[in-house]
Undergrad: 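Starting off with a structure, shown below.
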Number of protein chains: 2
Amino acid sequence: MQTSHQPTLDRTHRIGLSLPPTTAPAGQDCPDIGALEQQATTISVHKDAELYAQGDPARYCYRIVAGCVRTVKLMDDGRRQINEFLLPGDWLGVEALAEHDLAAEAVTAVTVRRYPRRALDQAAGHDCRVAHWLLGIASRQLRNARDRMVTLGRKSASERVAGFLLEMVDRVPHESAGHVPLPMSRGDIADHLGLTIETVCRCLAQFRRDGTIALGRATFAVRSQAALLALARATRH
Amino acid sequence: MQTSHQPTLDRTHRIGLSLPPTTAPAGQDCPDIGALEQQATTISVHKDAELYAQGDPARYCYRIVAGCVRTVKLMDDGRRQINEFLLPGDWLGVEALAEHDLAAEAVTAVTVRRYPRRALDQAAGHDCRVAHWLLGIASRQLRNARDRMVTLGRKSASERVAGFLLEMVDRVPHESAGHVPLPMSRGDIADHLGLTIETVCRCLAQFRRDGTIALGRATFAVRSQAALLALARATRH
DNA sequence: CGGTCGGTTGAGCTAGATCAAATCCAGTGG
DNA sequence: CCACTGGATTTGATCTAGCTCAACCGACCG
């Protein structure tokens, strides 16, 4: 991982949503967003730069405006687990305790809106709706984490990859012709799914040969939703 | 840190230990617990009985008083992932959305204190401290879940088992002579760690042969803390 | 005392890891 | 515009950690 760049502060105030529509299901807006916005800053981060490191004091939290962010845990010997990929509309670092227990890195060039956690805590302290909203974010993250634990603990490689593709279909706004962008590298996908790069490649290649998906370099398209759903066996109910 | 901690008998107020995060916020009770207690019921559950099922509407949440509870996700074909084991003092179901996304089952005979979630939601609605306390519980669960994802995605079988034993050492009050009870079956441990029963057995047997642990039928004792720590490689920082 | 149910141990088997070798672009410089 | 270069991706060949299948053991129980 390159430590090449510091996050570059960028004050350009983006007024309109010059963005693709946010399909991210991260939840409703913060009830008291108006007051918070005054203390927020818009920041641009280069590809592969770090928003924050494992163990950094959690002074800020972030909302992704554009681009893709990964949250990462490292073991001493370099083994890596990517907790999740965050997309426009998603919140990041809201649920942290005193320190961030994950690093956050830019998968692509990224624009985020940065909020002081102190302000958010204060808002939560006198407006229960804000506190409730925060709890909602944390609860959804927890639900996702639990689903991912089934994936990591009990699913086969092709189930993992198929499930991942379906998740991307739902989360990433499609390009024309049903093509879904896949901004992260094979290595990132592997470290997210608990596999190796080669296994991810082989699964994707297999799906392509079977006519289940079409595969571009950094995009894919679902050819047979049914086949993909069958590959990614769901948890009960 | 030695293995010869004095047995902590006050289970509901264990203070946070350095190693593994527990679900219960170490000593922090719900700020408004008094009012809630009036709406709570004490319930006994038989071994292997269900407190609630996957998909049940989340009408209640629980605090474990005695015994051990597992939270479980099932796949259609019967594969099982145990999310966590809950011990006295831990809260259960607090972070649920409308429905429980995990089943909860009694590992041993269990006594729980049951609270109506509606009452808790109301309390959270007019007392921000309660909302904040709930957020704390969810945040700690999230941190645990993330650590477990590294375990499931990237650790070897013996690392998983060694880490599990160390977690138990810190969470379960010791019996005399440093013996730690292991209330759950090998199958439960396997489904928690993403392994098979046989692999769990073999790892434990190996540790015993190496003199790292002593092994009873439903207990174990750490013989070499250092060896066990070395086996369970930690995540960085 | 026989039966059942966890747990343990042994003997292969295999999904996925590892090692190695193309191949494919994207970006660079001429 | 084109050749060149370096990293990412793909594919192939082999290896192995952990799974599966099967036998056995020992505690508990009616």
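Per chain, numbering begins at 1; letters A, B, ... match sequence-line order.
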Undergrad: Can you list everything that forms a salt bridge (Lys or Arg N to Asp or Glu O under 4.0 Å) with A:E159? Sequence neighbours excluded, please.
TA: A:R233, B:R79
Undergrad: Listed by chain and number, what are the ring pair (Phe, Tyr, Trp, His ring centres under 6.0 Å) partners of A:Y52, not counting sequence neighbours?
TA: A:Y62, A:H100
Undergrad: For residues 183-192 of chain B, which residues have at least one heavy atom under 4.0 Å from DNA chain D?
TA: none
Undergrad: When you measure from the side chain of B:D170 to the backbone of B:E167, do you find a donor-acceptor pair of N or O atoms at a distance under 3.5 Å?
TA: no
Undergrad: Tell me, which pairs form a salt bridge (charged side-chain N to carboxylate O under 4.0 Å, His left out) where one or both residues lie in residues 179-189 of chain B, sequence neighbours left out?
TA: B:R70-B:D188, B:R80-B:D188
Undergrad: If you compare all heavy atoms of A:A104 against all heavy atoms of A:V69, which two are closest, and at what distance to 0.1 Å?
TA: CB-CG1, 4.1 Å
Undergrad: Under 3.5 Å, side chain of A:D147 to main-chain N/O of A:N144, donor-acceptor pair present?
TA: no
Undergrad: Are any side-chain N or O atoms of B:Q54 and backbone N or O atoms of B:L74, one a donor and one an acceptor, separated by less than 3.5 Å?
TA: yes
Undergrad: Mind checking side chain to side chain contact (heavy atoms under 4.5 Å, CB included) for B:P181 and listing every partner two or more places apart, or none if nothing turns up?
TA: B:V172, B:E175
Undergrad: With sequence neighbours excluded, tell me which residues meet side-chain hydrogen bond (donor to acceptor under 3.5 Å, both in side chains) with A:R59.
TA: none
Undergrad: Report the residues that fulfil salt bridge (Lys or Arg N to Asp or Glu O under 4.0 Å) with B:R146, sequence neighbours left out, ordered by chain and then residue number.
TA: A:E95, A:D101
Undergrad: For B:I82, is there any backbone N or O sitting under 3.5 Å from a side-chain donor or acceptor partner on B:H192?
TA: yes
Undergrad: Near DNA chain D, under 4.0 Å by heavy atom, which residues of residues 208-219 of chain A?
TA: A:R208, A:R217
Undergrad: Tell me which donor-acceptor pairs under 3.5 Å the side chains of residues 205-232 of chain A have, and how far apart each pair is, sequence neighbours excluded?
TA:
| from | atom 1 | to | atom 2 | distance (Å) |
| --- | --- | --- | --- | --- |
| A:Q206 | OE1 | A:R209 | NH2 | 3.0 |
| A:Q206 | NE2 | A:D210 | OD1 | 3.0 |
| A:S224 | OG | A:A227 | N | 3.0 |

Undergrad: Can you pull out how bent the helix from C:dC1-D:dG30 to C:dG30-D:dC1 is, comparing the axes over its first five and last five pairs, to 10°?
TA: 30°
Undergrad: Looking at every heavy atom in both A:I189 and A:M184, which two are closest together, and how far apart are they?
TA: CG1-CG, 3.6 Å
Undergrad: Could you tell me the boundaries of the chain B footprint on DNA chain C, defined by atoms under 4.0 Å from its heavy atoms?
TA: C:dG7 to C:dA11
Undergrad: Exactly one of A:R63, A:R113, A:R171 should register a salt bridge (charged side-chain N to carboxylate O under 4.0 Å, His left out) with A:D90. Which one does?
TA: A:R171
Undergrad: Given 3.5 Å as the limit, does a donor-acceptor pair link the side chain of A:T108 with the main chain of A:C68, or not?
TA: yes
Undergrad: How would you summarise protein contacts on nucleotides 16-25 of chain D per nucleotide, using B for base, S for sugar-phosphate only and - for none, with heavy-atom distances below 4.0 Å?
TA: --SSBB----
